[in-house]
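Let me begin by presenting the structure, written as structure tokens, before commenting on it.
Because the structure is predicted, anything quoted here is derived from the model rather than measured. Hydrogens, waters and symmetry mates are skipped; everything else that's a heavy atom, side chains included, is used.
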Amino acid sequence: MTIKQFLNEFEDIVKKIRKKRIVVMLGGFGEEREASIYTGEQVFKALKDAEFNSILIDPSTTNITKLLNSRTDIVFNCLHGSFGESGHLPAILDYLKIPYTFSGIYPSVVTMDKLYFSSIVKKLGVLIPQDNIDNPDLISGYKDNTILKKIRGGGSIGMKISTTGKVPEAFFCQKFINEGNIITLGILESKNIYIPLGIVEVKLKDKEFYDQDSKYLEGFSSYIKYKGKNSKLIIDESIKIFKFLSIKGAARIDFIERKNKIYLLEINSVPGLYEDSNLVYSASLSGLSFYQLVIWILSNSGFEKLL
């Protein structure tokens, strides 16, 4: 389904979704709990404003296996990071036969582990910044030009520019590509067809890199429509990766562009979803509102198989 077809059939799609209860899952157990609550509350508000039958659930305080019903429910996964984005929640929901938004077990597990994901991306021929696993000399050779990242952490939590040459446990070190353009792109999926949204360039203010504050606090970043020369390359590389991993519904992919080369950073399989998020801005460049994006994601949850 194209975006145009989706908008033409929008009211019929909404009517089908109204037959279900939308269970918005937020919060959770991980470091990205606050970001997850922020996303979940905005998704829930959009659904309540449109008078959907919807509820908010935090799996850290509620036994979801007793609450959910495969005949009535769609889970809207707003759990960033561990549990929701790591494949644990999809595994539980697959077992319970509950339809849910975003990707299943395999793409969730792969994209959550940055080193595992990196190794796969390299085999696909996509550029990615060098890390200390491939090149142990990176630590001593580029002490002031590396960035520390959690191997399995979500978001930008724990990331910092390395100045010591030491890599803490559960972290890895990656070459920091400075003076590059931060590029992000949302891609929609429907029945294994991938549709790129608008390419976004992120502008930072008083920040060395795109950290958690830049993503969630006002004043540290802004978005503009990408006007560079690598649009086709960015889209082609993104869709190649999405197809290989079988990403579902929607996701966001991030790059650094420098000297006409693009380097992949990561995929967010459960991206931030709120009015001023970069995914929503990417969707707006393709003519979709926040509410319409929420409905797209719900409509590609697989719920129709259980109607």
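The closest side-chain heavy-atom distance from I234 to Y226 is below 4.5 Å. Contact of the Y116 side chain with the I151 side chain is not registered, since no non-hydrogen atoms from C-beta on lie closer than 4.5 Å. A 4.5 Å side-chain heavy-atom check between L245 and I241 finds at least one atom pair inside the cut-off. With a 4.5 Å cut-off on side-chain heavy atoms, M112 and S86 count as touching. Proximity of D131 to T146: side-chain heavy atoms (C-beta onward) are nowhere separated by under 4.5 Å. Proximity of Y274 to V280: side-chain heavy atoms (C-beta onward) are nowhere separated by under 4.5 Å. Within the 4.5 Å cutoff, side-chain heavy atoms of F290 are placed close to those of L273. Taking 4.5 Å as the limit, every side-chain heavy atom of P59 sits out of range of all side-chain heavy atoms of L89.
Here the CD1-CD distance, from I147 to Q174, works out to 7.5 Å after rounding to the nearest 0.5 Å. For the atom pair CG of L96 and OG of S70, the computed distance is 8.0 Å after rounding to the nearest 0.5 Å. Annotation: the span from I267 atom CD1 to L185 atom CG amounts to 10.0 Å, rounded to 0.5 Å. Atom CD1 in I195 sits 9.0 Å away from atom CG in L288 (nearest 0.5 Å). The structure places CG of N300 at 11.5 Å from CD1 of I295, a figure rounded to the nearest 0.5 Å. Here the straight-line distance linking atom CD1 of I262 with atom CD1 of I183 works out to 9.0 Å at 0.5 Å rounding.
With sequence neighbours left out, K261 forms a side-chain contact (heavy atoms from CB on, under 4.5 Å) with L127, Y263.
Panel note: side chain S301, backbone Y100; no donor-acceptor pair is recorded below 3.5 Å. For D113 (side chain) and R152 (main-chain N/O), no donor-acceptor pair under 3.5 Å exists by modelled atom type. Between the side chain of S190 and the backbone N or O of I193, no donor-acceptor pair lies under 3.5 Å. Without hydrogens or angle criteria, S286 side chain to G198 main chain gives a donor-acceptor distance under 3.5 Å. Checked by atom type and distance alone, the side chain of W296 never pairs as donor or acceptor with a backbone atom of A250 at under 3.5 Å. Looking only at distances, no side-chain donor or acceptor of E189 sits under 3.5 Å from a matching main-chain atom of K248. Under a 3.5 Å cut-off, the side chain of E11 and the backbone N or O of I13 do not form any donor-acceptor pair. Under a 3.5 Å cut-off, the side chain of R258 and the backbone N or O of N178 do form a donor-acceptor pair. Under the 3.5 Å distance criterion, the side-chain polar atoms of T111 are matched with a main-chain donor or acceptor of P107. Side-chain N or O atoms of H80 include none that pairs as donor or acceptor with a backbone N or O of E85 at under 3.5 Å.
No side-chain N or O of D276 forms a donor-acceptor pair with one of Y223 less than 3.5 Å apart. D254 and T184 share a side-chain donor-acceptor pair at under 3.5 Å. Counted by atom type alone, N135 and Q130 present one or more donor-acceptor pairs between their side chains at under 3.5 Å. In this model, no donor atom of one side chain and acceptor atom of the other lie less than 3.5 Å apart for T72 and R21.
Pairing each heavy atom of S36 with each of G27, the nearest pair is OG-N, 2.8 Å. Here the shortest heavy-atom pairing between G104 and P90 reads C-CB, 3.9 Å. Across all their heavy atoms, R252 and P271 have their closest contact at CB-CB, 4.0 Å. The minimum heavy-atom distance linking P129 with L265 is given by the pair CG-CD2, 4.3 Å. Of all the heavy atoms in N69 and I98, the pair that sits closest is C-CD1, 3.5 Å. Nearest heavy-atom pair across V167 and C173 is CG2-CB, 3.8 Å.
A side-chain contact (heavy atoms from CB on, under 4.5 Å) with L148 is found for exactly one of K160, K166, M159, namely K160. Of the residues L197, I247, T2, the one that meets the side-chain contact (heavy atoms from CB on, under 4.5 Å) test with L188 is L197.
Side-chain heavy atoms closer than 4.5 Å link hydrophobic residues (I, L, V, M, F, W, Y) into clusters, and following such links, even through other members, never connects F102 to I187. Linking ILVMFWY side-chain heavy atoms closer than 4.5 Å, directly or via other members, places L79 and I64 in a single hydrophobic cluster. Under the 4.5 Å side-chain heavy-atom criterion for grouping Ile, Leu, Val, Met, Phe, Trp and Tyr, I256 is not connected to I199 through any hydrophobic cluster. Linking ILVMFWY residues whenever their side-chain heavy atoms come closer than 4.5 Å, directly or via other members, places Y194 and F255 in the same cluster. Residues V109 and L93 are members of separate hydrophobic clusters, defined by side-chain heavy-atom contacts under 4.5 angstrom among Ile, Leu, Val, Met, Phe, Trp and Tyr.
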Practice task
Please assess K149 against E266 for the test salt bridge (charged side-chain N to carboxylate O under 4.0 Å, His left out), listing each intermediate value before the final yes or no.
Solution key: CA-CA 11 Å; K149 297 182 177 181; E266 64 176 348; over 6 Å; no
Practice task
Report the C-alpha distance between N230 and E257 in whole Å, list the side-chain angles of each, state the deciding distance to 0.1 Å, and finish with yes or no for side chain to side chain contact (heavy atoms under 4.5 Å, CB included).
Solution key: CA-CA 9 Å; N230 287 314; E257 177 190 53; 2.8 Å; yes
Exercise for the section: Before giving the answer on side chain to side chain contact (heavy atoms under 4.5 Å, CB included), spell out for L279 and L293 the whole-Å C-alpha distance, their side-chain angles and the decisive distance to 0.1 Å. Expected result: CA-CA 9 Å; L279 175 61; L293 178 59; 4.0 Å; yes
Exercise for the section: Begin with the C-alpha distance, continue with both residues' side-chain angles, and end with the deciding distance and a verdict on side chain to side chain contact (heavy atoms under 4.5 Å, CB included) for M25 and V43. Expected result: CA-CA 10 Å; M25 286 204 185; V43 169; over 6 Å; no
Practice task
Evaluate the side chain to side chain contact (heavy atoms under 4.5 Å, CB included) criterion for residues L26 and T39: first the C-alpha distance (whole Å), next the side-chain angles of each, then the deciding distance (0.1 Å), finally the verdict.
Solution key: CA-CA 8 Å; L26 80 175; T39 285; over 6 Å; no
Practice task
Please report the C-alpha distance between F52 and F76 in whole Å, then the side-chain angles of each, then the deciding distance to 0.1 Å, and finally whether the ring pair (Phe, Tyr, Trp, His ring centres under 6.0 Å) criterion is met.
Solution key: CA-CA 13 Å; F52 281 87; F76 202 116; over 10 Å; no
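For Y106, the OH atom is densely surrounded, since the number of other residues' heavy atoms within 6.0 Å is greater than 12. For CD of E9, the number of neighbouring non-hydrogen atoms (other residues, nucleotides, ligands) closer than 6.0 Å is greater than 12.
Legend: side-chain hydrogen bond (donor to acceptor under 3.5 Å, both in side chains) pairs involving residues 43-59, not counting sequence neighbours, sorted by first then second residue: R33-D58, K45-D49, D58-S60.
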